[in-house]
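Here is the structure we will look at.
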Amino acid sequence: MTSTDQAPTGAQALPSAVDLDATDPLGHFRELFLEPEGTDVVAYLDGNSLGRPLAATRQRLAEFINTEWGNRLIRSWDERWMDLPMTLGDRLGAAVLGAGAGQVIVADSTSVMLYKLLRAALAARPERNQIIIDRGNFPTDRFIVEGIAAERGATITWIDDASRGHISVADVAAALGPETAVVLLSHVEFRTGYMADAPAITAAVHDAGALMLWDLSHSAGSVPVALDAWGADLAVGCCYKYLNGGPGAPAFGYVRADLQNQIQQPIWGWMGADEPFAMNDAYAPATNVRRFITGTPSILAMQPLLHMLELIEQAGMDAIRAKSILLTERAVALADIHLSPLGVSLASPRDSSERGSHIMLDHPQFRDVTAALWERGVIPDFRPPSGLRVGLAPLSTSFAELDAGIQAIREALLELG
Ligand SMILES: *Cc1c(COP(=O)(O)O)cnc(C)c1O
């Protein structure tokens, strides 16, 4: 036996993945996800980027096409579809976002929803001219801020990225001032998984008289979110990550109830108008959260999200978070044991209370490692310059899959060595 073949010290201390899967209270949910015949997937560790489909979705999409679309045809708009962006938003609000009814819509893409809400927030503070965002935020968030600033002549204050996503209340407080109109941050950072202290940051932003917009793309469906309790003003997020809505699923947007009639979104369309079917001459926004819709939302693309919501409602976010913590703690422990001897470092927080449901590992060879892993059905993802993200979707990822993934990373590193 060479030293690399020996089980590294510490491995024995971890419970076996087989036992963890056998006693996992959410284990039975895994069987509900589609395993296509002949699949080459050994470990899917990218559910934070694109969630897996549910097996039921295939059948239910066929039913939807036969009945709601194929048979009821345009009558379905009256019967069900017109309210779906709001009814689905309410369910998402209750099960996932900690938002009371009437504050969430499902429509647009995350980028477009972000543009609409950020632009509305800036206009709501006409005497102020500054937007705050961090340099480490997801490109779309940074680009939309830059675009709006250019369009509106606003200034941007950047929180620097020295701590790779670890944005503290003090960082935000230092950037805030009398000119701040709105602050945009990600609740869970897309690379390192760092989770911000949302209630404290929101309170600091409010103390400065500004509005707080949270991007929940990497939070929704993986960590508990409490928008109403945080006092958040606005939020957006993706429905195709931990919410498994499928590629290009519409986004969600949250606008606090008492803010809705004070702000106006910039893309006026007939579906967000007060009386869409009156075919009025002039635009008047709807008096409820529907005013943040623009044109016909993608009803077809909302169907898989409906199915996933049923699972989340059954499982409950607390149980989902509990499993997520077990998964990420194990990922960190396995990386310490099997990967750190090969020069891999952890780029994510060690304390699970500061972490979402993915971790990032760093090694100069991870671009090549990720390509090699994808070939053999082990699917994490790569984020430049040298980060490998291990995404752990609590309802669909098994402990055995995680173990197989870490082992495969180790083998690929040794082979490329
Ligand atoms: C994934 C993600 C997006 C994606 O935006 P799309 O418009 O759906 O492409 C936006 N912001 C953050 C923080 C994300 O993680």
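Computed from a predicted model, the values in this text were never measured in an experiment. Start at 1 and go down the list; that is how both ligands and their atoms are numbered.
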Location of contacts on Ser217 toward ligand 1, heavy atoms closer than 4.0 Å: side chain

Are Asp134 and Arg142 within salt-bridge range, i.e. N to O under 4.0 Å? no

With a 4.0 Å cut-off on N to O distance, would you call Arg60 and Glu68 a salt bridge? no

Is it true that Asp336 and Arg350 make a salt bridge, defined as a side-chain N closer than 4.0 Å to a carboxylate O? yes

Can you tell me which portion of Asp215 lies within the under-4.0 Å heavy-atom range of ligand 1? Options are side chain, backbone, both, or neither. side chain

Under 4.0 Å from a heavy atom of Ser109: give me the atoms of ligand 1 that qualify, with their elements. 7 (O)

Which residue and heavy atom of the protein sit nearest atom 3 (C) of ligand 1, plus the separation: Phe138 CE2, 3.5 Å

Which of the atoms of ligand 1 are close to His218, meaning less than 4.0 Å from one of its heavy atoms? 15 (O)

Establish, for the pair Lys241 and Phe138, whether the NZ or CZ atom is under 6.0 angstrom from the six-membered ring centre and no further than 45 degrees off its axis. yes

Do the ring planes of Trp77 and Trp81 sit parallel (below 30°), tilted (30 to 60°) or perpendicular (above 60°)? perpendicular

Only heavy atoms of Cys238, strictly under 4.0 Å: list the atoms of ligand 1 that pass. 1 (C), 2 (C), 3 (C), 4 (C), 8 (O)

Less than 4.0 angstrom from a charged side-chain N to a carboxylate O is my criterion; do Asp160 and Arg135 meet it? no

Atom 7 (O) of ligand 1: closest protein heavy atom, distance to 0.1 Å, is Ser111 OG, 2.6 Å

Can you list the ligand 1 atoms lying under 4.0 Å from a non-hydrogen atom of Ser186? 13 (C)

Specify the protein heavy atom at minimum distance from atom 9 (O) of ligand 1: its residue, its atom name, and the distance to 0.1 Å. Tyr240 OH, 3.5 Å

Please check if the distance between the ring centroids of Trp270 and Phe277 is under 6.0 Å. yes

Is any side-chain N of the basic residue among Asp403 and Arg330 closer than 4.0 Å to the acidic one's carboxylate O? yes

Give a yes or no on whether a salt bridge exists between Arg376 and Glu415, defined as a side-chain N under 4.0 angstrom from a carboxylate O. yes

Of all protein heavy atoms, the one nearest atom 14 (C) of ligand 1 is Lys241 NZ, 2.9 Å

Does Met113 come within less than 4.0 Å of ligand 1, judged by its heavy atoms? no

What atoms of ligand 1 come closer than 4.0 angstrom to any heavy atom of Thr140? 10 (C)

Using a 4.0 Å heavy-atom cut-off, which part of Asp141 comes near ligand 1: side chain, backbone, both, or neither? side chain

Should one rank Thr110, Asp108, Val188 by closest heavy-atom distance to atom 5 (O) of ligand 1, which comes out on top? Thr110

